[in-house]
Amino acid sequence: MNRLGRAFYERPVLEVAPDLLGCVLRHGDSAGVIVETEAYHESEPACHAFVGLTERTRVLFGPPARAYVYRSYGIHALVNAVCGPEGEGAAVLIRALEPLEGVEAMRSRRGVPRDVDLCSGPGKLTQALGIGLEHNEIDLLDGPLRIEPRPDDWRDVRWVTGPRIGITKAADLPWRFAAVGAPSVSRPWPPGLAARAARA
DNA sequence: CATGGGATTGACT
DNA sequence: GTCAATCCCATGC
């Protein structure tokens, strides 16, 4: 089967983030199409790697294509794909999926019935797929947790950009990327984005 | 060693 | 719209 290679992730994070839209995040028998991402880079203060190399950020500065999973607000696990060459701290946060396979297992883990509520947020999708902190630093190329290339239906996905969600630092950077027309986007788009999406 | 702040979610007014 | 839950980790004393 066709797969993404290390080189795919070893590029600037602002190229990888939109290219991941339409790709499939899979854990075990559950999988979903990535429809929303955000880019983070050590050069801006919203990125965890901004503080430099620490025990927590070590994975961000490591080889590309590994998972960076961390706990947010003491409650949720959020999953990122490490990007850029080794030594550069950058990653793409996976913010939302369209459920694709193993939907019953997702419903069971999430405890909600509607498909649109299963993976429409970064904390929701990790719960739906059973992703936890134990997956931090594992390789995303062909392990149990992996990202696969775009299915045929998503080969030419359209996307829009906008400001990142839920951050207080560098909130002006338009480093959020969302697939046009995907129901499972985590938050409504700002008016400007919605207008661009309608025209797209 | 104590403290403060989150890349969020779900429940409630 | 507001707000609490809950814990890891970076920072500062």
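Basis for what follows: all heavy atoms, side chains included, without hydrogens, waters or symmetry-related copies. Order of the sequence lines sets the chain letters (A, B, ...), proteins ahead of strands, with each chain counted from 1.
Atom-to-atom, CZ of A:Arg71 to P of C:dA5 comes out at 17 Å; the value is rounded to the nearest Å. Distance, A:Leu133 CG to C:dC9 P: 8 Å, rounded to whole Å. Remark: P of B:dT8 and CG of A:Asp117 are 17 Å apart, rounded to the nearest angstrom. If you take CG of A:Asp172 and P of B:dA7, they are 15 Å apart, rounded to a whole angstrom. Across the protein-nucleic acid pair, A:Leu60 atom CG and C:dA10 atom P stand 11 Å apart, rounded to whole Å. Atom-to-atom, NE2 of A:His41 to P of B:dA7 comes out at 18 Å; the value is rounded to the nearest Å. Separating the OH atom of A:Tyr68 from the P atom of B:dA7 is a distance of 9 Å, rounded to the nearest angstrom. With rounding to whole Å, A:Tyr73 atom OH is found 17 Å from C:dC9 atom P.
Between A:Arg109 and A:Gln127, the side chains place no donor N or O within less than 3.5 Å of an acceptor N or O (distance only, hydrogens not considered).
Note that the CG atom of A:Leu25 and the CD atom of A:Glu98 stand 13.0 Å from one another [nearest 0.5 Å].
In this structure, A:Leu93 reaches the bases: a heavy-atom distance under 4.0 Å links it to at least one base atom across the strands shown.
Looking at A:Glu36, its side chain never comes within 3.5 Å of a backbone N or O of A:Ala96 through a donor-acceptor pair.
For A:Arg56, the side-chain contact (heavy atoms from CB on, under 4.5 Å) criterion is met by A:His48, A:Thr54, A:Tyr68, A:Tyr70, not counting sequence neighbours.
Figure legend. C:dA5 is base-paired to B:dT8; pairs are counted as Watson-Crick or G-U wobble with both atom distances under 3.5 Å. Across every strand in view, B:dA2 sits in a pair with C:dT11 that passes the Watson-Crick or G-U test at under 3.5 angstrom.
Between A:Asp115 and A:Arg107, at least one side-chain N (NZ, or NE/NH1/NH2) sits under 4.0 Å from a carboxylate O, which counts as a salt bridge.
Candidate nucleotides C:dC9, C:dA5, B:dA7 were compared by shortest atom distance to the side chain of A:Arg56, and C:dC9 ranks first. Residue A:Thr54 places its side chain closer to C:dA10 than to any other of B:dG10, C:dA10, C:dT6. If you check C:dA10, B:dT9, B:dT8 against the side chain of A:Val51, the one that comes closest is C:dA10.
Between B:dT9 and A:Arg110, no contact under 4.0 Å exists linking OP1 or OP2 to a side-chain N or O.
Counting atom types as modelled, A:Tyr70 pairs a side-chain N or O with a base atom of B:dA7 as donor and acceptor under 3.5 Å.
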